[in-house]
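First the structure, in the form of structure tokens, and then the observations on it.
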Amino acid sequence: MSKQDKEFVKEITPQSEDYSQWYLDVVLKAQMMDYSPVKGCMVIRPYGFTLWENMQQGLDKRIKATGHKNAYFPLFIPESLLQKEADHVEGFAPEVAWVTHGGNEKLAERLVVRPTSETIICEMYSRWIQSYRDLPVLINQWCNVVRWEKVTRPFLRTSEFLWQEGHTAHRNEEEAEEETLKMLEVYRDFVENDLAVPLFVGRKTENEKFAGALRTYSIEALMSDGKALQAGTSHNLGTHFAKVFEITYLDRDGELKFVWQTSWGVSTRLIGAIIMVHGDDRGLVLPPKVAPTQVVLVPIAPKKVREEVLVKAAILYEELRAAEIRVEMDDREEYSPGWKFNEWEMKGVPLRIEVGPRDLEAGQAMLARRDTGGKETVSLEELMTRVPALLAEIQANMYEKAKKFRDDNTHRTDDYAEFKQIIEEKRGFVLSRWCGDSACELAVKEETKATIRCVPFNMETSPGKCLHCSTESTKLVYFARAY
RNA sequence: CGGGGUGUAGCGCAGCUUGGUAGCGCACUUGGUUUGGGACCAAGGGGUCGCAGGUUCGAAUCCUGUCGCCCCGACCA
């Protein structure tokens with residue numbers, strides 16, 4: 001980075017100097033969030049929340065297109081319900097928040113503030129489901145959940161966070177498995193196409209699966225510091241919950257059977273993924289499809305021509321709005337153009353349009369894209385076709401760039417010494433053979449801090465030896481240090 | 001929850017060792033001049049020094065406790 005560049009972004013610690021600090025500087029300075037008086041709980045400011053709303057729209061549309069309906073279940077869950085599924089309680093007990101009093105009176109039964117809603121939803125499903133004709137039940141909810149975290153980081157891990165959780169009930173394993181994988185694919189499509197974040201998808205190991213699930217699948221992304229981030233999960237819950245909540249239905253053959261269930265969720269953590277996949281030393285870089293502001297219009301308006309420039313800028317602004325482009329006009333007089341450029345770049349706005357006296361004279365405007373820093377001039381006649389095209393180009397380029405980084409940082413080895421070196425020095429994903437034994441997985445974690453992020457689909461390979469124990473294996477898995 | 005760091009104006013910091021009128025830069029307000037990559041001049045406003053005790057004639061400064069935040073480890077979307 002040049003000295004001049006450093007001046008521009010003096011408020012942001014460079015990634016190379018301190019990645020964690022860079023992340024914190026960016027989320028605060030770009031006004032994505034702010035700390036609140038409650039430990040571990042953040043305020044999502046309008047800029048960050050608009051991003052979330054745009055993400056919600058893209059995902060909600062897909063969830064509904066696959067036949068699900070939204071509903072809302074209570075924030076509070078009676079202790080007795082949480083206790084029912086043994087693995088589930090064990091998994092969540094250390095991080096639940098309790099409500100013990102109503103006003104001044106102690107409650108007869110403590111309530112947990114939902115860390116996830118499986119239990120309360122199962123309780124309701126057991127009442128609603130009687131017959132195979134009631135199935136499948138396909139419900140999603142957008143809500144907040146609370147998990148009392150010891151170490152918190154904005155968006156990545158907060159004590160309260162926003163998410164969606166889908167909960168479905170089916171007749172049999174086949175249907176439940178199909179649903180689980182279908183929603184995993186919905187997440188992949190959404191995250192790769194709308195957020196421009198390339199993913200590895202696959203199954204979680206027994207160690208890493210959700211508390212109470214039969215099988216867990218996940219989407220895994222690589223952050224620009226080389227650490228992996230679990231960006232979403234989809235679980236086949238089997239009949240574990242059905243059995244303890246007695247969710248049964250009378251099947252066509254006259255037999256009373258347990259339903260097969262799924263649950264799946266993504267959270268505001270995805271915002272953290274966007275920041276860490278695309279961001280640079282100048283700040284955020286947001287994918288056009290979800291960016292709160294896609295285009296910022298900066299008039300360069302010296303006094304003598306001020307009116308002229310502003311009138312023209314206002315016309316362009318209205319045209320862009322009419323084309324349903326999320327555009328913002330920055331005609332503040334108290335800031336210089338250069339100051340505005342840096343400000344909007346820090347906030348990650350994909351495209352900036354400058355119009356000044358020189359442009360007007362030439363009948364053109366200046367376009368500056370955030371992803372590459374490239375500038376081009378475009379005639380005013382072509383502007384309305386060029387802007388949408390350029391936004392699409394930026395979206396595609398951001399994905400390609402992130403994918404190249406991900407691929408360049410995905411290594412293949414079955415040699416444990418080399419594996420350790422890669423994890424320590426290069427980071428990123430390492431695709432290695434694994435025997436399938438939990439003990440081996442845990443040993444690798446113990447020795448390298450790398451975990452199996454997922455077992456990819458259709459990756460069986462020629463026989464070889466497990467990375468750690470040298471047992472014969474054809475199974476390849478992705479390892480990485482993760483957030 | 002262990003180890004380390006930090007807390008003074010909205011932000012970044014100095015002052016603390018050696019107790020004695022709380023300061024600097026940016027930001028903010030007003031007026032004027034400016035506008036193609038963080039403009040300039042002038043005049044202003046703003047802080048019970050994280051919180052609670054203690055020592056002292058007197059505490060931002062010394063002592064004790066406590067809380068928040070950050071970093072590194074054990075658990076998690």
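In what follows, chains are A, B, ... by sequence order, proteins preceding strands, each numbered from 1. Remember, it's a predicted structure, so these values are computed and weren't measured experimentally.
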Given Arg369(A) and Asp371(A), is the salt bridge (charged side-chain N to carboxylate O under 4.0 Å, His left out) satisfied, shown in steps? CA-CA 6 Å; Arg369(A) 54 194 284 185; Asp371(A) 60 332; 2.7 Å; yes
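- The same atom, P, is picked in A27(B) and in C40(B); the two are 8 Å apart, to the nearest Å.
- Using a 4.0 Å heavy-atom criterion, one finds that Arg332(A) contacts no nucleic acid atom at all.
- If you measure from atom NZ of Lys303(A) to atom C1' of U35(B), you get 10 Å, rounded to the nearest angstrom.
- Relative to the side chain of Arg306(A), the nucleotides G37(B), U35(B), A39(B) differ in distance, and U35(B) lies closest.
- The residue Tyr35(A) sits close only to the backbone: its heavy atoms come under 4.0 Å of sugar-phosphate atoms, none of a base.
- In this structure, Gln230(A) reaches the sugar-phosphate backbone alone: every heavy-atom distance under 4.0 Å involves primed, P, OP1 or OP2 atoms, never a base.
- Residue Leu229(A) is classed as having no contact, given no heavy-atom separation below 4.0 Å to the nucleic acid.
- Distance noted for atom P between C13(B) and C57(B): 37 Å (whole Å).
- Taking atom OH of Tyr19(A) as the reference point, atom C1' of C70(B) lies 17 Å away to the nearest angstrom.
- The phosphate of A77(B) (OP1 or OP2) has no side-chain N or O of Thr233(A) nearer than 4.0 angstrom.
- Note on Pro357(A): a base of the nucleic acid sits closer than 4.0 angstrom, heavy atoms only.
- Looking at Arg352(A) and Asp330(A), no side-chain N of the basic residue comes within less than 4.0 Å of a carboxylate O on the acidic one, giving no salt bridge.
- Between the side chain of Tyr187(A) and the backbone N or O of Leu59(A) there is no donor-acceptor pair closer than 3.5 Å.
- For Lys375(A) against G37(B), a side-chain N or O and a base N or O form a donor-acceptor pair under 3.5 Å.
- When rounded to the nearest whole Å, the span between CG of Asp18(A) and P of C69(B) equals 18 Å.
- Using a 4.0 Å heavy-atom cutoff across all strands shown, Gly373(A) reaches no nucleic acid atom at all.
- The side-chain ring of Phe161(A) is stacked on the base of A77(B), judged by centre separation under 5.5 angstrom and plane angle under 30 degrees.
- To the nearest angstrom, C1' of C72(B) lies 14 Å from OH of Tyr483(A).
- Across all strands, Gly356(A) comes closer than 4.0 Å to base atoms (heavy-atom distances).
- One C1' atom belongs to G47(B), the other to G23(B), and the distance between them is 11 Å to the nearest Å.
- Looking at heavy-atom distances under 4.0 Å, Val151(A) makes contact with a base.
- Whole-Å rounding puts the Ile12(A) CD1 to G12(B) C1' distance at 15 Å.
- In this structure, the ring of Phe457(A) has its center less than 6.0 angstrom from the ring center of Tyr217(A).
- Taking the six-membered ring for Trp and the full ring otherwise, the centers of Phe241(A) and His88(A) sit less than 6.0 Å from each other.
- Across all strands shown, Asp359(A) has heavy atoms under 4.0 Å from base atoms, whether or not it also approaches the sugar-phosphate.
- For the P atoms, the distance from A59(B) to C69(B) is 30 Å, rounded to whole Å.
- When heavy atoms are screened at a 4.0 angstrom cut-off, Lys449(A) is found touching the sugar-phosphate backbone but no base atom.
- Residue Ser267(A) is in base contact, counting any heavy-atom pair closer than 4.0 Å across all strands shown.
- At the heavy-atom level, Thr158(A) lies under 4.0 Å from base atoms of the strands shown.
- Under 4.0 Å is where a charged nitrogen must lie from a carboxylate oxygen, and between Glu424(A) and Lys449(A) no such pair does.
- Spacing between atom CD of Glu334(A) and atom P of C28(B) amounts to 8 Å, rounded to whole angstrom units.
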